[in-house]
2 protein chains.
Amino acid sequence: MAICVTTMLRERGFKVTPQRLAIYNYLSSTKAHPNAETIFNDLQPVYPTMSLATVYKTMEILREIGLVQVLNIGEDSFRYDAFTENHPHVRCMSCGRVDDIDDIKAGKFVDDVASSTNYQLTGQQFYFFGVCPECQKQRKNPS
Amino acid sequence: MAICVTTMLRERGFKVTPQRLAIYNYLSSTKAHPNAETIFNDLQPVYPTMSLATVYKTMEILREIGLVQVLNIGEDSFRYDAFTENHPHVRCMSCGRVDDIDDIKAGKFVDDVASSTNYQLTGQQFYFFGVCPECQKQRKNPS
DNA sequence: CTATGTGCAAAATGTTTGCAGACGA
DNA sequence: TCGTCTGCAAACATTTTGCACATAG
């Protein structure tokens, strides 16, 4: 995996640095869809000198070479996902967690949109909102 | 339409003010999905003393009573839509415009997600990205 | 050795908040 | 009249930028 990032970076003319590897490795080892600050905080113990700006700059590069996708789920900050295959996300309105939704075929839906709009489509993002299983247990009275 | 806003506001215990009516009327008369600053700027000629904070505060109320929906299309700011029926949006990556996609049935797709996830779903947002018809004409060589 | 990357701090951007005076009900 | 709303400015949070030093290739 790490060697893949290395190759991808070099191919596009970007240098391979410990920070970039650390950020990508961290992101691809979590399912939590962290935002920049969370990534920064979680890497602090290992890279105490790394700055938040580096996280942002690195994310921009990783997005550019297609190694991460950027999520914007109606929050005030962006989240990042190393799982780049296009898949829907669902956010718990109670605890704020964001989960992947895998193995769903939106094919028909996407095709309909593609044929009904005059846009030249290049991508899509599907966001669902609700209450996650854990939060459902904790409060039987969802306000 | 305006009388509807008036009623909705009163029912929920909010006061009816010229600013709130102006903002809602402006929003429901455009298809451009403006952000707060655009709304503010466009209302300046008519309400020169209205502040940006009022736009934000009003949007929060209108969202709460279900008269507008808030869009977050991977941009740095939020957009607002007075067409509250749930429908997909598509953003032109070239000029930045955001259009509605009407008359699309995502039913099957939504049902699949609802049954495959353990979330208690309450809503969803679908965003598509591409190049709009106008921009396609202007540059035959989309990079 | 050279060009790019990092880390820091400052700036920019979008949104929220606190409060005194204004105004809808 | 009374409680809410407005407008202003300051506060806030997130992201971006500029620059001196460090480092990958």
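Protein chains get the first letters and strands the later ones, always in sequence-line order, with residue 1 at the start of each.
In the hydrophobic cluster analysis, where Ile, Leu, Val, Met, Phe, Trp and Tyr join through side-chain heavy atoms closer than 4.5 angstrom, B/M93 is grouped apart from A/V113.
For the pair B/R10 and A/G13, nearest-nucleotide mapping onto DNA chain C gives the more 5' position to A/G13.
Distances from the side chain of A/A53 to the nucleotides D/dA13, D/dT17, C/dG14 place D/dT17 closest. Here C/dT6 is the nucleotide among C/dT6, D/dC5, D/dA24 with the atom lying nearest to any side-chain atom of A/Q19.
Distances shorter than 4.0 Å separate none of the side-chain N or O atoms of A/Y56 from OP1 or OP2 on D/dT16. Side-chain nitrogen and oxygen atoms of B/T49 include at least one within less than 4.0 Å of the OP1 or OP2 phosphate oxygen of D/dG7. In this structure, A/T17 reaches the C/dT6 phosphate: one of its side-chain N or O atoms is under 4.0 Å from OP1 or OP2. Regarding contacts with the backbone of D/dT6, a side-chain N or O of B/R20 is found under 4.0 angstrom from either OP1 or OP2. A close approach under 4.0 Å does not occur between any side-chain nitrogen or oxygen of B/S51 and OP1 or OP2 of D/dC8.
The separation between B/F78 atom CZ and C/dT13 atom C1' is 13 Å, rounded to whole Å. The distance from atom NZ of A/K15 to atom C1' of D/dC21 is 14 Å, rounded to the nearest whole Å. Nucleotide C/dG5 holds its C1' atom 14 Å from the OH atom of A/Y47, rounded to whole Å. Between A/F40 atom CZ and C/dT6 atom C1' the separation is 13 Å, expressed in whole Å. Here the P atom of nucleotide D/dT16 and the NZ atom of A/K57 are 11 Å apart, to the nearest Å. Straight-line distance from the CD atom of B/E11 to the C1' atom of C/dA25: 16 Å, rounded to whole Å. Across the protein-nucleic acid pair, B/N35 atom CG and C/dT15 atom C1' stand 12 Å apart, rounded to whole Å. Rounded to an integer number of Å, the gap from CD of A/E37 to C1' of D/dC12 is 13 Å.
Counting only heavy atoms from C-beta outward, the side chains of A/V5 and A/R20 never approach each other to under 4.5 Å.
Between A/D99 and A/R97, at least one side-chain nitrogen of the basic residue sits less than 4.0 Å from a carboxylate oxygen of the acidic one, meeting the salt-bridge criterion.
The main-chain N or O of B/L27 is never found under 3.5 Å from a side-chain atom of B/T30 such that the two would form a donor-acceptor pair.
Annotation: the span from B/N118 atom CG to B/L121 atom CG amounts to 10.0 Å, rounded to 0.5 Å.
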